[in-house]
Amino acid sequence: MDADVKVAERKCYINGRFAGSGKQFAKINPVDGTVVAQVHEADRAMVDEAVRAAKAALKGPWGKMPLQARVDLMRKVAEGIEKRFDDFLQAEVADTGKPVELASHLDIPRGAANFRIFADIVRTYGTESYHLDTPDGKGAVNYAMRKPLGVVGVIAPWNLPLLLLTWKLAPAMCCGNTIVAKPSEETPSSATLLAEVMQEAGVPPGVYNLVHGFGPDSAGEFITTHPMVDGITFTGECGTGSAIMKAVAPTIKPISFELGGKNPGIVFADCDFDAAIAGMGNAVFSNTGQVCLAPERLYVERPIFERFVAAMKAKAESLKLGWPQDKSTNIGPLISRQHQEKVMSYYALALKEGAKVVTGGGIPKFGDARDKGAWIQPTLWTGLPESARTVREEIFGPCAHIAPFDREEEAVAMANDTPYGLASTVWTRDLSRAHRVAQAMEVGISWVNCWFLRDLRTPFGGAKLSGIGREGGLHSLNFYSEPSNVCIKL
Ligand code: NAD
Ligand code: 6OD
């Protein structure tokens, strides 16, 4: 980092005002280990104040606002993000170390797009109505109304901070809810800038509240256990999801969970080989592998196995691990030294389990300030049995194991032999096989000849351990609103 870059202060935002706390923690830039922000951690009393402000705001101007005005306000928030594009970009890059090229094409535009798409969809969101015959022949008419859930606790991870936070906030706010949001302790900045945008756009006080902090015995737990929080939407690890389920049980809140994955990629010999290498290279390594949808298990039909492994090795070795502001950088560091230790422990485990290292496997040496960061080499392995922990557990790093297969049924069976069920990607030119295999995948999202191609109206979420419920389009609106039936005797 430049010597003159200031350490930012990231405060909470409660009831329309920025609020400091007596307890702060440092946010470290994973590129070079420097402190980029001092973050004000919300204590239980601050979270309680945020929840009460959110509850009160449901009865204020926000609760009375006509739908069109609410939708217009959400569009203003999208414009506000776009107007401050560079501020968001630099904040996201400083927190995560991800390349500006990636954040400027993915994270920040999607932050704005999430508000626009849900503003559009909520305008035409219909409800059911039924005519009921009654013994007196006069009948009754039923119609359902959609009401907001109330106060929604939004708990987000660090890998795509603005994108994943707004993916929840936007539909929740479009449905008329009020929010207590907690970004990851690793990525406090874009959520704080968003509070400024909300304030400038004229979002009434108490509608978007932001509390910083950690999970257990901190802001995360204070939100999930608060009796006045009406619903929880969470993206993060399966273990955290499990802890949150326990925490919300006494107060019976609806939950929406987007959790981890150990996603398969299946490559058939008839695929467009170059497209498969480009697609799989992107899928495995982009965002330094810290994408819940990234495939960490690749199954490749035997006739092209050796060629595929060699091409993926060349791809991995061509990636530039560089400074985020350098436009030719392909991948940045992991999010933190702690995560680097976790990923390195899997790199060591892979060796113990008998993997052949195709490429990578260690920590790169730069000979500059980056040696104080959280960097890791893109890594590929072959030779592991399907029972190996490296093949079964989510690593969340730029790595994958590649195994050969001989028959379609064998590939499908290996791909589905996992407790996770988030996403899959299949590469083939055979149309029937594309449908057959995509449909056989026990996942929420099955891509064919592509990966991370997103239409924001489609259902998004995981099967098995990978989540509860679906987000996207009407699926999000269904979670963030509650149907209430009115029956009128005629
Ligand atoms: P994490 O579970 O450690 O943390 C996520 C959020 O939960 C953070 O804000 C954290 O502070 C909070 N938290 C932690 N413990 C908590 C508790 N007991 N109560 C309340 N809040 C708590 O996840 P992470 O490390 O930030 O993100 C990486 C994980 O997220 C990976 O497993 C990845 O697969 C998953 N993920 C899933 C999706 C998806 O859409 N399915 C998307 C992105 C990331
Ligand atoms: O694109 C999205 O909407 C989305 N939820 C992406 C999730 C990526 C996980 O890391």
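Residue indices begin at 1 and follow the sequence shown. Counting starts at 1 for both ligands and their atoms, following the listed order. All heavy atoms count here, side chains included; hydrogens, waters and symmetry mates do not. Predicted model only: the values in this text are computed from it and were never measured.
Ligand 1 lies within reach of F460, whose nearest heavy atom is under 4.0 Å from it. The closest approach between any non-hydrogen atom of P216 and ligand 1 is below 4.0 Å. In this structure, Q290 falls outside the shell of residues with a heavy atom less than 4.0 angstrom from ligand 2. Ligand 1 lies nowhere less than 4.0 angstrom from a heavy atom belonging to G462. The shortest separation from a heavy atom of P183 to ligand 1 is under 4.0 Å, placing the residue in contact.
P161 approaches S190 most closely through the heavy-atom pair CB-OG, 3.9 Å.
In summary, D72 and K76 do not engage in a salt bridge, as defined by a charged side-chain N under 4.0 Å from a carboxylate O. Using a cut-off of 4.0 Å between Lys/Arg side-chain N and Asp/Glu carboxylate O, K27 and E186 are scored as salt-bridged. For the pair R116 and E82, the salt-bridge criterion is met [side-chain N within less than 4.0 Å of a carboxylate O]. Salt bridge D120/R75: present, at least one basic N to carboxylate O contact under 4.0 Å. Between E92 and K98 there is no salt bridge, since no side-chain N of the basic residue sits under 4.0 Å from a carboxylate O of the acidic one.
Nearest-heavy-atom check against atom 20 (C) of ligand 1 across G220, S466, S336, G241 picks out G220. Looking at C292, A294, G215, A156, it is C292 that brings a heavy atom closest to atom 39 (C) of ligand 1. When I155, I232, T235 are checked for heavy-atom proximity to atom 5 (C) of ligand 1, T235 turns out nearest.
When only non-hydrogen protein atoms are considered, atom 41 (N) of ligand 1 lies nearest to L259 O, 2.7 Å. Atom 44 (C) of ligand 1 has N159 OD1, 3.6 Å as its closest protein atom, hydrogens excluded (heavy atom only). Protein heavy atom in closest approach to atom 2 (O) of ligand 1: T240 OG1, 2.6 Å. Of the protein's heavy atoms, P157 CB, 3.4 Å lies nearest to atom 27 (O) of ligand 1. Distance from atom 40 (O) of ligand 1 to its nearest protein heavy atom, with residue and atom name: E258 CB, 3.3 Å.
More than 12 heavy atoms of other residues, nucleotides or ligands sit less than 6.0 Å from atom CD of E386. For K83, the NZ atom is loosely surrounded, since the number of other residues' heavy atoms within 6.0 Å does not exceed 12.
The side chain of E394, and not its backbone, has at least one atom closer than 4.0 Å to an atom of ligand 1 (non-hydrogen atoms only; side chain from C-beta on).
A side-chain donor-acceptor contact under 3.5 Å links K168 and T233.
Taken from CD in E221 to CD1 in I223, the straight-line distance is 11.0 Å, to the nearest 0.5 Å.
A donor-acceptor pair under 3.5 Å is formed between the side chain of R392 and the backbone N or O of D417.
Considering backbone and side-chain N/O atoms, K182 comes within less than 3.5 Å of an N/O atom of ligand 1. At least one N or O atom of C292, backbone or side chain, sits closer than 3.5 Å to an N or O atom of ligand 2. Backbone and side-chain nitrogen or oxygen atoms of E185 are examined, and one is located within less than 3.5 angstrom of a nitrogen or oxygen of ligand 1.
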